[in-house]
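Notes to accompany the following structure.
Chain letters run A, B, ... following the sequence lines, proteins first and then strands; every chain starts at 1. Values below: all heavy atoms of this structure, side chains included; hydrogens, waters and symmetry mates excluded.
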Protein chains: 2
Amino acid sequence: MNDVICTVDTVLLTLGDDGLSVALLKREREPYKGVAALPGGYIHPDEDRHGFDAALRVLKSKTGIDAPYLEQLAAFSGAARDPRGWSLSLAYYALVPHAVIAAAGHPGVKLASVDRLPPLPFDHATIIAAALERLRSKSQYSSLPCFLVGELFTLPQLQRVYEALMGEGLNKVSFRRKMAELDMLEAAEGQMDASSPSRPAQLYRLRPQFRDRLALLKRGL
Amino acid sequence: MNDVICTVDTVLLTLGDDGLSVALLKREREPYKGVAALPGGYIHPDEDRHGFDAALRVLKSKTGIDAPYLEQLAAFSGAARDPRGWSLSLAYYALVPHAVIAAAGHPGVKLASVDRLPPLPFDHATIIAAALERLRSKSQYSSLPCFLVGELFTLPQLQRVYEALMGEGLNKVSFRRKMAELDMLEAAEGQMDASSPSRPAQLYRLRPQFRDRLALLKRGL
DNA sequence: ATAATAGTGTCTATTAGACACTATTAA
DNA sequence: TTAATAGTGTCTAATAGACACTATTAT
């Protein structure tokens, strides 16, 4: 009908020791064989019910990660982006806690700090830039950053995540007011200690209704 | 390679006498021949440099409209949305002043109020709903609504457009403070009168640098 | 002058941030 | 006890909205 190469690419983001990082994999085939690239693959019309399914399948098969926060980013298309011909990539982005990547432990998956990306094939650098912009923008007014922390977390931890994403310090009182306004957290009865030579902080978890959708603020941040 | 049907669909929006409206066209071919649908068509890999180009071409050929505000909305894909098979539609949305549609004057183009849409083929109702959500959301913190008015407009007119999109009245003083903060308007030297049996309002136009990109508010409207 | 809407000055209410103070743990 | 960080009360600053007043036109 019309010979468009249809693929999905996924920007899998996590927050590790050297900040926000993307999962990259060495390509197994030409073009760009051996070059680190976003986990991606062809859409399988006989297997994937829709694009979202395809992104889930690709993530699972290439990184071992199962049910992350996953959202369509945009479609990237054109004659110039792939040497094989006119192509269209459905780009998705996913957020996972750092521990989840370690636990999945797929061999080829390497994390690269978004501030020190290697040269990337196709328009993958553009796709990552778009994902970062989306993540940072949505972090201003939603619970999106919660998907970068584990199931249990403290408010100071969460605030540090927001601060890392938005690149600026946040007022503690305002931050807590906003989290209360979002009304998405519930206190766990345990307490934090481990790392702290100081007062332990209350642990929280996401309330069930916000584990697969976002809580939104009226007036940002 | 993989047999995915690749199309573009465009949600062309305008603000007319009965509120926000979408341009619909009767389909010339099966499936759904004769049914009103979004202007759309196949991607032409030999002709379109990328998806955006395809959307421009489709809009021009089906509605006669030339250089509207045009932005990618999302990709809609899957096995179930088109009886012909697994398909992927790149959806774009466009904003134009009402007068532009009249001036283009393509025969088959009908405007339907978004509150009274006819039954639509494929997932076009979903696509329109997504476009409206995007438009309303971006209107909260950007100059997007300016693309629904003509080249010259008054602040009261612009405020009415914002109010129509957001479905609520806005404070006049705050609205004007925000427009000043956006710093995107320049006064035209003429004055408005025509319709008014009262004081004429100052005419404004978009400053050149905002004619093809958005001005953004820090803290929403 | 009157009616009608444009445009502004200013007061009040709401929201965000600064800052300090109390709380709770480990050593 | 001290050091360190969690958590909160409260004052101040910034922003948004209410409201009324002046401005400019047609009749």
When you get a sec, tell me which of D:dA4, C:dG7, D:dA6 is the closest nucleotide to the side chain of A:Ser198? D:dA4

Please state how far atom CD in B:Glu181 lies from atom P in D:dA14, giving the value in whole angstrom units. 15 Å

B:Glu71 versus B:Tyr93, side-chain donor and acceptor atoms under 3.5 Å: yes

Just the rounded figure in Å: distance from C1' of C:dG17 to CZ of A:Arg176. 15 Å

Please report, rounded to the nearest Å, how far the P atom of C:dA6 is from the CD atom of B:Gln202. 13 Å

What nucleotide among D:dA6, C:dA18, D:dG17 has an atom nearest to a side-chain atom of B:Ser174? D:dG17

Between C:dA16, D:dT8, C:dT5, which nucleotide gets closest to the side-chain atoms of A:Lys178? C:dA16

Considering all heavy atoms, the nearest B:Arg81-B:Ser89 contact: NH2-CB, 3.3 Å

Considering every strand and a 4.0 Å limit on heavy-atom distances, what is the contact class for B:Arg177: base, sugar-phosphate, or nothing? base

For B:Leu158 and C:dG7, what is the distance between atoms CG and C1' respectively, to the nearest whole Å? 15 Å

Validation row, ring centre A:Tyr204 to ring centre A:Phe153 under 6.0 Å: no

Rounded to whole Å, the CG-C1' distance (B:Leu155 to D:dT24) equals 16 Å

I'd like to check A:Arg27 versus A:Phe122 (side-chain heavy atoms, cut-off strictly below 4.5 Å). Are they in contact? yes

Whichever of A:Leu203 and B:Leu221 has the more 5' nearest nucleotide on DNA chain D, that residue is A:Leu203

d(CG, B:Asn171; P, C:dG9) in whole Å: 15 Å

d(CZ, B:Phe175; C1', D:dT15) in whole Å: 17 Å

If I take atom CZ in residue B:Arg219 and atom P in nucleotide C:dT15, what distance separates them, rounded to the nearest angstrom? 13 Å

Taking only the side-chain heavy atoms of A:Val173 (C-beta and beyond), determine which of C:dT25, D:dA23, C:dC19 contains the nearest atom. C:dC19

Base, sugar-phosphate alone, or nothing: which one does A:Lys172 contact when heavy atoms must sit under 4.0 Å apart? base

Taking the basic N atoms (NZ, or NE/NH1/NH2) and the acidic carboxylate oxygens, is any pair closer than 4.0 Å for A:Glu181 and A:Lys178? yes

Can you check whether any acceptor in the base of D:dA4 is under 3.5 Å from a donor in the side chain of A:Arg199, or vice versa? no

